[in-house]
Every structure is written in structure tokens, then in C-alpha cells.
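Here's the structure we're looking at; comments come further down.
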Amino acid sequence: MKAEEYPFVQELITDKQGQVLKVVLEFEEYQRLLDAIEDEGLYPAMQAVKGETPLNRNEALEELEQL
């Protein structure tokens, strides 16, 4: 396995058997990956509540207290 074979990866940290334990990448690339993951999860969540009536802050807090 070579770091060049994987997007964003600067370095692979392996054990003695060559199994990858950790991946080193630039912080900017890490942030981009987090943004992509958040965006991917946000869209389905938005679609799931598309038809619901928005709550004001107090109503939302009351709903949370009931959970």
C-alpha cells in the first residue's frame, strides 16, 4: 500500500505486518472531508422534515424535554 494510491493521504502509518493503523493528511483536506460528510448527512435530514411546520425556540425546547 502506498499513500499515493489514496486521495488526500500524505502518509500511511502501519504496523509491522503492513496493516494501516493511521492516515496522515493535511488539515485543509481533513476539513474538506468533514464538510462533505456533513453535507451528505444534512440533505437527507432536510428532506425528512421538509413538510413539517417549523418550531420557534420555546416549542423546540419543549419537544426536546419530552424525549
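When the side chains of ILVMFWY residues are joined at heavy-atom separations under 4.5 Å, either directly or via intervening members, Leu34 and Val23 end up in a single hydrophobic cluster. A single hydrophobic cluster is seen to contain both Tyr6 and Phe27, as judged by linkage of ILVMFWY side chains at heavy-atom distances under 4.5 Å, directly or through other members.
Asp15 CG to Leu21 CG: the interatomic distance, rounded to the nearest 0.5 Å, is 4.5 Å. The structure places CD1 of Ile37 at 13.5 Å from CG of Leu42, a figure rounded to the nearest 0.5 Å.
Among all heavy-atom pairs drawn from Val20 and Thr14, the shortest one is CA-CG2, 4.0 Å. Shortest non-hydrogen contact noted between Ala3 and Gln10 is CB-O, 3.9 Å.
The number of heavy atoms from other shown groups lying within 6.0 Å of CD (Glu28) does not exceed 12.
In this structure Gln47 satisfies the side chain to side chain contact (heavy atoms under 4.5 Å, CB included) test together with Tyr43, Lys50, sequence neighbours excluded.
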N/O donor-acceptor pairs under 3.5 Å from side chains in residues 60-67, not counting sequence neighbours:
none

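Side-chain contact between Phe8 and Leu33 is present, with heavy atoms from C-beta onward closer than 4.5 Å.
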